[in-house]
Amino acid sequence: MKRDFLCINNLSAAEIERLIKRAVELKSGKDRSTCPLIGKSVGLFFEKPSTRTRFSFEAGIYQLGGQPIYLTPKEIQLNRGESIADTARVLSRYLSALVLRTYKHSTIEDFASYADVPVINGLSDAHHPCQALADLMTIYEKKGRLNGIKLAYVGDGNNVVNSLMEAAARTGLQLAIACPEGHDPSADILKASQSAAGSSIHITRDPHEAADSADVVYTDVWVSMGQEQEAEAKKQKLRSYQINSNLMERAKKDAIVMLCLPAHRGEEITDEVMDSPLSVVFDQAENRLHTEKALLESLLS
Ligand code: CP
Ligand code: NVA
């Protein structure tokens with residue numbers, strides 16, 4: 001039966017661990033034997049722009065021997081009234097997997113329910129699970145473990161932190177989230193993630209409290225794609241949630257700084273912190289490639 005990857009909860013804790021270890025192995029360059037996508041095509045259908053997700057998937061699919069096919073809504077008949085169900089059924093006859101980036105999460109769920117091939121969430125308004133996999137790999141690489149590591153997420157309660165909450169519940173990461181009132185992450189995902197055995201996820205309005213003794217300090221853009229209409233009001237509310245050197249003083253001395261990118265320097269993070277030796281943002285971006293290759297390999301073999 002086909003497996004989809006719509007959110008982190010589609011994977012067990014053991015599967016996450018296996019994927020991270022496989023991604024580390026792929027990154028090491030020691031295993032060049034696997035080309036599980038030879039003769040296969042993988043579709044990428046993106047409603048929103050992307051730098052990392054598109055390039056890393058396209059490069060990763062090629063490196064695994066396959067062919068990526070990228071299309072946007074303007075180029076396909078979905079925009080002219082063809083249903084998601086019919087589109088998904090047709091694409092399943094050509095493709096071995098489909099990577100989607102959408103506004104509504106339900107669009108990805110609908111594709112997944114009609115497609116006969118694995119559907120991968122390359123970001124929706126609700127989740128960003130491919131990012132969370134790369135984040136877990138990066139923390140594992142830098143800190144040697146996930147269980148018991150304290151991650152402070154400071155900023156907007158969005159798709160990225162929703163996936164981090166699910167990731168924390170599966171791996172024992174301790175998550176302290178600081179966000180302003182009205183910009184909390186999903187209440188349903190928070191509740192479900194908090195109720196997982198051994199999970200430690202807290203929300204505060206105080207960024208300094210969240211950052212206290214943190215091993216990892218993480219942020220994301222204040223205005224996600226599709227939320228541009230409320231940008232100015234939101235930026236005002238988030239002004240005191242910036243990652244800067246003052247905030248970093250509360251974290252552990254060897255804390256790392258993470259940001260899924262793109263960064264809006266001077267908003268959610270200062271140049272000083274982003275360019276400091278503590279910042280691992282470019283390793284984090286690189287790890288998208290390795291974790292996505294491990295994911296494709298596991299879903300398609
Ligand atoms: N982090 C991330 O998903 O970046 P892109 O929007 O550039 O794909
Ligand atoms: N939260 C951001 C992530 C971008 C990679 C967005 O959805 O725009």
Side-chain angles (χ1 to χ4, degrees), residues 5-8 23 42-61 68 70-73 98-108 120-139 151 153-167 175 177-180 182-186 189 216 218-231 234-235 237-238 241-243 257-265 267-269 274 279-293 295-296:
F5 183 55
L6 309 192
C7 61
I8 284 288
V42 176
L44 293 95
F45 174 63
F46 282 27
E47 294 178 348
K48 296 173 176 174
S50 167
T51 299
R52 282 141 288 270
T53 307
R54 179 178 177 186
F55 277 95
S56 58
F57 265 108
E58 291 213 22
I61 291 161
Y70 174 85
L71 288 169
T72 64
L98 189 53
V99 183
L100 300 173
R101 170 167 284 204
T102 63
Y103 289 93
K104 290 188 289 186
H105 187 68
S106 61
T107 304
I108 301 188
I120 296 171
N121 180 356
L123 183 146
S124 65
D125 285 347
H127 295 267
H128 199 1
C130 292
Q131 182 64 55
L133 276 185
D135 298 343
L136 293 175
M137 176 186 175
T138 309
I139 297 166
L151 186 153
Y153 177 91
V154 177
D156 183 32
N158 59 17
N159 45 7
V160 166
V161 72
N162 286 342
S163 289
L164 285 173
M165 290 194 295
E166 291 192 346
L175 201 52
I177 300 166
C179 53
H183 298 286
D184 289 323
S186 154
I189 297 173
V216 182
Y218 194 124
T219 190
D220 183 20
V221 291
W222 288 344
V223 181
S224 285
M225 291 178 279
Q227 298 181 348
E228 291 77 9
Q229 66 294 347
E230 48 166 329
K234 209 167 168 196
K235 284 182 194 174
K237 283 183 86 172
L238 279 150
Y241 291 80
Q242 183 185 63
I243 298 196
V257 174
M258 296 179 68
L259 198 165
C260 63
L261 300 175
H264 288 80
R265 289 163 174 262
E267 291 185 5
E268 73 274 5
I269 192 164
M274 173 110 172
S279 166
V280 299
V281 300
F282 299 111
D283 295 328
Q284 192 183 349
E286 177 186 339
N287 288 341
R288 293 292 303 274
L289 174 70
H290 309 299
T291 45
E292 285 157 12
K293 284 169 72 179
L295 177 71
L296 285 164

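All ligand and atom numbering here is 1-based and tracks the order in the structure.
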Short version for L261: what comes under 4.0 Å of ligand 1, heavy atoms counted, is backbone
Requested in this report: Please determine if S224 has a nitrogen or oxygen closer than 3.5 Å to a nitrogen or oxygen of ligand 2.
Outcome: yes
Distance col, row I8:CD1 vs I189:CD1, nearest 0.5 angstrom, shows 11.0 Å
Check your understanding: Could an N or O of ligand 2 be found under 3.5 Å from any N or O of D220, whether backbone or side chain?
Key -> yes
Quick look: R288 vs ligand 1, heavy-atom contacts under 4.0 Å, and the answer is side chain
Any N/O pair M225/ligand 2 closer than 3.5 Å
yes
query = With a 3.5 Å cut-off and no angle check, do the side chains of T138 and Q284 form a donor-acceptor pair?
reply = no
Paired with D220, the side-chain contact (heavy atoms from CB on, under 4.5 Å) test is passed by just one of N159, V161, V154, I269, namely N159
- Is the Y70 ring parallel, tilted or perpendicular to the F46 ring (thresholds 30°, 60°)? perpendicular
Sub-3.5 Å donor-acceptor pair from the side chain of N162 to the main-chain atoms of S186, do we have one?
yes
Under 3.5 Å side-chain donor-acceptor pair for R101 and S124 = no
Subject >> Heteroatom distance test (P49, ligand 1): nitrogen or oxygen, under 3.5 angstrom >> reply: no
Kindly confirm or rule out an N or O of N159 lying under 3.5 angstrom from an N or O of ligand 2. yes
Atom 7 (O) of ligand 1 has as its nearest protein heavy atom T51 N, 2.7 Å
- Message: Looking only at the side chains, is there a donor atom on one of Y241 and D156 sitting less than 3.5 Å from an acceptor on the other?
- Response: no
L44/E58 under side-chain contact (heavy atoms from CB on, under 4.5 Å): CA gap, chis, key distance, verdict: CA-CA 8 Å; L44 293 95; E58 291 213 22; 4.3 Å; yes
Next on the checklist: Yes or no: does H128 have any heavy atom under 4.0 Å from an atom of ligand 1?
Outcome noted: yes
Atom 4 (O) of ligand 1 sits nearest the protein heavy atom R52 NE, 2.8 Å
Here the atoms of ligand 2 under 4.0 Å from any heavy atom belonging to N158 are 1 (N)
If we number the atoms of ligand 2 from 1 as shown, the ones under 4.0 Å from a heavy atom of V221 are 2 (C)
Atom 5 (C) of ligand 2: closest protein heavy atom, distance to 0.1 Å, is L261 O, 3.7 Å
Electrostatic pair D125-K104, nearest N-O below 4.0 angstrom: no
Short version for R101: what comes under 4.0 Å of ligand 1, heavy atoms counted, is side chain
